[in-house]
Amino acid sequence: MAVLDPVILFFVLGVAAGLMRSELRLPAPVYEFLSMVLLLAIGLKGGAELGRQSLPALLPQVAAVAAMGAIMPLLAFPVLHVVGRLKRADAAAIAAHYGSVSVGTFAVATAYLTYRDIGFEAYMPVFVVILEIPAIIVGVALARGIAMETRWKRMAHEVLLGKSIVLLVGGLLIGWAVGAEGLQPIGFLFFDLFKGVLALFLLEMGLIAAGQLGSLRHHGPFLVAFGLGMPLVGAALGLGLAAAFQMSLGGTVLMATLAASASYIAVPAAFRLIVPEANPALSLTASLGVTFPFNILAGIPFYHHLAARLEGGL
Amino acid sequence: MAVLDPVILFFVLGVAAGLMRSELRLPAPVYEFLSMVLLLAIGLKGGAELGRQSLPALLPQVAAVAAMGAIMPLLAFPVLHVVGRLKRADAAAIAAHYGSVSVGTFAVATAYLTYRDIGFEAYMPVFVVILEIPAIIVGVALARGIAMETRWKRMAHEVLLGKSIVLLVGGLLIGWAVGAEGLQPIGFLFFDLFKGVLALFLLEMGLIAAGQLGSLRHHGPFLVAFGLGMPLVGAALGLGLAAAFQMSLGGTVLMATLAASASYIAVPAAFRLIVPEANPALSLTASLGVTFPFNILAGIPFYHHLAARLEGGL
Amino acid sequence: MAVLDPVILFFVLGVAAGLMRSELRLPAPVYEFLSMVLLLAIGLKGGAELGRQSLPALLPQVAAVAAMGAIMPLLAFPVLHVVGRLKRADAAAIAAHYGSVSVGTFAVATAYLTYRDIGFEAYMPVFVVILEIPAIIVGVALARGIAMETRWKRMAHEVLLGKSIVLLVGGLLIGWAVGAEGLQPIGFLFFDLFKGVLALFLLEMGLIAAGQLGSLRHHGPFLVAFGLGMPLVGAALGLGLAAAFQMSLGGTVLMATLAASASYIAVPAAFRLIVPEANPALSLTASLGVTFPFNILAGIPFYHHLAARLEGGL
Amino acid sequence: MPRQVRKLVTIIAEAALEGMLLEDVEALGAHGYTVTEARGKGSRGVRAGSWEASSNIRVEIVCDDRTADAIIHHVEERYYRNFAMILFISDVDVLRPEKF
Amino acid sequence: MPRQVRKLVTIIAEAALEGMLLEDVEALGAHGYTVTEARGKGSRGVRAGSWEASSNIRVEIVCDDRTADAIIHHVEERYYRNFAMILFISDVDVLRPEKF
Amino acid sequence: MPRQVRKLVTIIAEAALEGMLLEDVEALGAHGYTVTEARGKGSRGVRAGSWEASSNIRVEIVCDDRTADAIIHHVEERYYRNFAMILFISDVDVLRPEKF
Ligand SMILES: Nc1ncnc2c1ncn2[C@@H]1O[C@H](COP(=O)(O)O)[C@@H](O)[C@H]1O
Ligand SMILES: Nc1ncnc2c1ncn2[C@@H]1O[C@H](COP(=O)(O)O)[C@@H](O)[C@H]1O
Ligand SMILES: Nc1ncnc2c1ncn2[C@@H]1O[C@H](COP(=O)(O)O)[C@@H](O)[C@H]1O
Ligand code: NA
Ligand code: NA
Ligand code: NA
C-alpha cells in the first residue's frame, strides 16, 4: 500500500473517538440514510453489469456460492457449541452470522480494489444477495431442528423483505433494467459520492465497534479467537471457490472477503424474532467488535496477498 | 421511450416494497431533507432563468395560470359534491387539492424531459408557486362561504409561510439575484445531485402511496374514478393554456402536468387547520394513492404524446 | 462584490423566514449531519496542506494564535463585568465565547475567498483548532478563579473530545496522512458539495439567529453594542498578527475573521457543564443573534477591505 | 422540599395541530409544556410518522387543577370532533409547586 | 364530559419487537397505541439507539382493565424471558371512555 | 405474577445534562433508565430542539422509593438552580419488582 486509504482512516477515527468516550455520533436517521445509499449503489452497479452477462452462465456460480453460505454455519456450529461451550441457540446464531455477509465489508473491499485499480467481476453484488439467505435458514434449523413449529412464514417475510435485501435486489433490478448508461443521471449520488458516503458510514461503524469492545471482556477470549479464526476459514473457502471458477484477481479478493465477513444487519434482525433465546450481545460482539475491524484493517489486504499468490501460480 | 427512466423505477420499487409490507422506510428527517433540496433546486433553477426574462411580459401568463388554479376547484367541486355525494367540506378539500399542484410530480416531469433532451421554458417554477395558492382560497370559500368568520389571517400565514412556498420562493429569489453563473458553486448539490435525490424521494413516495392504497377499499370506486379522470381534465386545460401562449413542446408538457397534478403538501396542511372537518384520508387517498402514481407512470408520457400531436398541428 | 454570493443569501432567507415565523426548519439530525460534513471538510483540507508544510516553522504562529485566544477573553471580561454590569459568571462566559471561534463563520470566509479567487494559507484550519481551547480555560478561570475545585478533568474531556474538535482534528490527521491526492476519492462529498452543504447549513443558522433576535429585547442594547464592537477588536488583533507573520491577503482576512468570530458550539457546551450558573441565553444571543450575522453579512467584506488596504501599504 | 400534587395532562395528537394547540395551552394558563415526536394507531387509522401528514406529537403539561380543567374543556370543545387525538390525565408529585 | 378511569400500559422494549408486539396488542383488544423512539439502559446493558439493533421503542396503550390484564399476561408469557423490555401500569383519567 | 408498586421518576432537562445526569442516576442506585428526545417551553423560554443547545431530553426511571428519594434530593441540590429542567413522580405497578 503506497498510500493509506482515507476510507479506512474514518473507521479508525470512529474507533478512536469511541474508545476515548467522545460524544461524537452520527444521528441514527443519517446512519440509516447512508446505509440505504450504499446498498442501493451496490445493487445498481451490479445490476447494470448483469445486463451484459448471460444469466444461465452464472447459475453454477450462484449455486456454489449459496452452498458455501449453507456450509459455513455447519462448520462453525460444532466449534461454537462444543469447543466454545456456547448454548445451542447462541452457537447457531453466531454460526449463521458468519455464514452470511457484511455489506459494509464488501463495500470497503470494492473501494480497496478501485483505489488500487484492480478490476473485478462486476456482478459480484449478486453473490452478496445470494449469501445473505442460506445461512439464516441453516442457522435456524441448527437452533431448533427442522421438524419444529418455527414460524417459517414470518422468517421468510423478515429475511426476504428486510431492508437490506429489498434495497440490494431493488437496486439490482433497476440497474439491470436501465443499464449502465441509463444510470448516469443518478450516478452523481450513487457512484461519485460512494466513497464519501462509505467514509461517513465507517466513521459510525467505528463508533459502534468501539462500543462492542466493552462487552468483549465479559465474553472471554473464545469469542475473540473465533472472530479472528472463522474469517480465515471463510476466506480459504472463498479463495477456493474463486479459483474453481477462474475468477479475476479482484473477484477472488471479493469472494474471499464475502466468505470471511459476518452479517450484522439481516441475520441479527431475523434471529431476534425467530430464535429470540439467542443472546444478540454474543453474536454482535464477535461480528462487529472483532471480525468487522479485523477484515477492514487486516483481512482484506491479507486476502489480496493470498489471491495474488494464488494467481501467481502459488 | 427507448430506455426506462431509473427515477420512475425507484417509485415502482417503493410501491412494490410497500405492497409486500417490507419494513423499508426512509427516516422522516431524511425525507424532509430530500424534499427541501428538491424545492430549493426547482426554485433556484427557475429564478436563475427569471433574470433573463422581461418580467412584465410574463404577467399575462401568470394571471392566466392563477385563473386556471382558481377554476379547477370550481369544476371539480360539483362533481365531488353532487355526483360523488361527498360532504361539502370533503368535496371542497379534494377540489382544492386538484386545483393546486404537486411539486414532486413537476420534478418528475422535468426529469422526464431532461432525460429526453426536450427543452422547456425555464421559468416554469414560477407557475408552480402561482398555482399553489388560488385553489386553497377557492376551496376554503367553497367549504365555508365567503361571509364566514374563517380565520383568513391564520390561513394566509399557513399558506404563504408554509415550508414549500418559502423554499420555492426563496429559491426563486436567490436564483434571480445571483443568476445561473452565480449558482455554479452550489450546483453540485442542487443540480448534479437532483436526479439522485429525486430517485430516493420517489422511493419513499412509493412507500407512502402503497400505504394509501389500503384505504382505497374503504372509499370506493368513485374516488378512483375521480383520481384518474380529474388529471385528464386538468391536463386538457393546461394544454389549452400552453397552446394559447405558444409555449414550447416541453413547456406544454409541464403545463399539462402541473394542471393534472394534485397537491399533497401545502393544501392538506392548510385544510387541516382551516377546514378541519374535511376528512384528510379522502383527499390524500385520491391525491397520493391514485393521481400521483397515475401521473408518474402514465400521465406524463401521455401528456407528452398529446403535446407532440398538438404541436404537430393536430 | 460584482455578484452576490448565494451562500450568504441562504442565511438571509433563513433569517427572513424565521422573522416571519415560517414553520420552515431543517430537521435536527440533518443539521447535525451538515455540521459534521463541514467540520470534516475543513479539517481534511487543512490536513492535506499540512503535509506540505514544515511543521516546526508553523510553531511560532501556532503559539501566537493560542496567545491571542487567551488574551481576547481578558480584554472582553472587564468590559462585560464593569461596563456591562454582568455577573462574574456571565461576563466570563461571554468573554470565552469571543476568545474562541465560530467554525461556521470560518467556512463562510473561505467560501467568500474562493468565490473571489483569493488564495490563502491552506493550513488555516489548524488555527481553528488551536483557537477553540485557550479561551475556554481562561474563561473558566475568570469565572471561578484558578484555585478552585473546578472539575478540570471533566472540562478537559468535554473540550478535547467534543464533537467539533474530534471532527476537525480527525479530519486534519486523515488529510495529513493521505495527502491531497489521496483525498480525491472522497472529494465529491467533502469538497465539491462543500458550498451546497454550507448553504443549507446557513439556512438553518439564519432560522436559529432569527430565534435569538427575540431575546435581544430582554437583554438590552449593551449586548448588541458588545456583539458589534468586540468583533472589530478581534479583527484588529487578527490583522496585526497576520501582518506580523506576513500572511497573504486571504490568510489575513481569515485570521481577522477567526479572531472576530464567536463560538456557539464548543464554548456553550463546555460552560453549560463547568460554569452552569452562567446564563446561556446571554452569550448565545450575543454570539448567534448579533455577531454571527454581523460577520457573515458585513464583517468579512469589511475585514477584506481592511486587509487589502493593509497589504497595499496602508 | 415539600412535594405537592399537580395534574399531568398528556395529549397525543396529529402534528398539524402543534402550533395552535400549544398557543392555546399557554393562553389557558400553563407555565410550560414538553413535546416529543410520536406515531401510532387509533380510530383514524395508522399514523406511521413517515411524513408530516401522518405524524403525531405527544404533549405533556404539568399544571394545577384549574388549568388542567381549562385545557381539557377547551380541547374537548375545539378539537375532539375533527382531529386525531387522545387526552389523558393523571396525578403527579412535584417539588416546586409554584412552578406549575 | 364525565371522566372515567382507564389503564395506561407503558412498554419499553427493543425496537426489533415493534411489528410483533403491536400486532399482539391489537389482537388482544386495544383500540390504539402510541409509539415513540427511545434509548436507555437496563439489565441487558446500554441500548444507545445509534442503530437499529440498539434502539428501543416506548409504547403506550390506554385501555380498560381487562385488555390491560390480557396485554400484561401475554407480554409476560411471551416476551419477558428473551427480550430487553420493561412494562409498567398506571391509572389515568379519560374523557371518552368508550374510545379505549 | 404479583404486581407491586414502584416509583416512576420523570425528568425533563436540557440535553447538555445527559451525560452527568445519567451517571448520577446510576450511582444513586437506579437499575436502568429510558431516554427520549424532547423539546418544550418553560420558565427559561422556548427550547425548540432545532440544535443541541436548544434540545431537551425526557428521562424516565422506575425504581424503589429509596432510590427515587435519593435521585430527587440529588437533582434538587445539584441541578435545579442552574439548569432548565422539571421533575415529577408518580406510582406505577410493575410485575418484576426485583428488577427495579
Ligand atoms: N388506546 C390508545 N392508546 C394509546 N394511544 C392511542 C390510543 N388511541 C389513539 N391513540 C393515539 O392517538 C392518535 C390519534 O388517535 P385517533 O384519533 O383515535 O385516531 C393515534 O394515532 C395514537 O397515536
Ligand atoms: N429501571 C428502569 N427505569 C426505566 N427504564 C428502564 C429501567 N430498566 C430498563 N429500562 C428500559 O428498558 C430497556 C430494556 O431493559 P432491560 O431488559 O432491563 O435491559 C432499557 O434499555 C431501558 O430503556
Ligand atoms: N409546566 C410544564 N409542563 C411540562 N413541561 C414543562 C413544564 N415546564 C417546563 N417544562 C419542560 O421543562 C423544560 C425546562 O423547563 P424550565 O426550566 O422551566 O425552562 C422545558 O423546556 C419544558 O420541556
Ligand atoms: Na461470511
Ligand atoms: Na392541479
Ligand atoms: Na474570536
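The chains referred to below are lettered A, B, ... by the order of the sequence lines, with proteins before strands, and numbering in each begins at 1. Just so we're clear, the structure is a prediction, and the values are computed from it rather than from any experiment.
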Is there side-chain contact between C/V166 and C/L161, with heavy atoms separated by less than 4.5 Å? yes
Give the minimum heavy-atom separation between C/L183 and C/A48, together with the two atoms involved. CD1-CB, 3.8 Å
Heavy-atom proximity to chain A below 4.5 Å, by part of C/V169: neither
Please look at A/V12 and chain C and tell me whether the side chain, the backbone, both or neither of the residue comes under 4.5 angstrom of a heavy atom of that chain. neither
Measuring heavy-atom distances to chain C, does A/R25 have an atom under 4.5 Å in its side chain, in its backbone, in both, or in neither? backbone
Measuring heavy-atom distances to chain A, does C/L173 have an atom under 4.5 Å in its side chain, in its backbone, in both, or in neither? neither
Table please: side-chain donor-acceptor pairs of residues 190-200 of chain C below 3.5 Å, with sequence neighbours left out.
residue	atom	partner	partner atom	Å
C/K195	NZ	C/A111	O	3.2

C/L160 versus chain A, the contacting section by heavy-atom distance below 4.5 Å: neither
Using modelled atom types only, decide if a donor and an acceptor are shared between the side chain of C/S261 and the backbone of C/V101 within a distance under 3.5 Å. no
Would you say C/M124 and C/T110 make side-chain contact, with heavy atoms under 4.5 Å? no
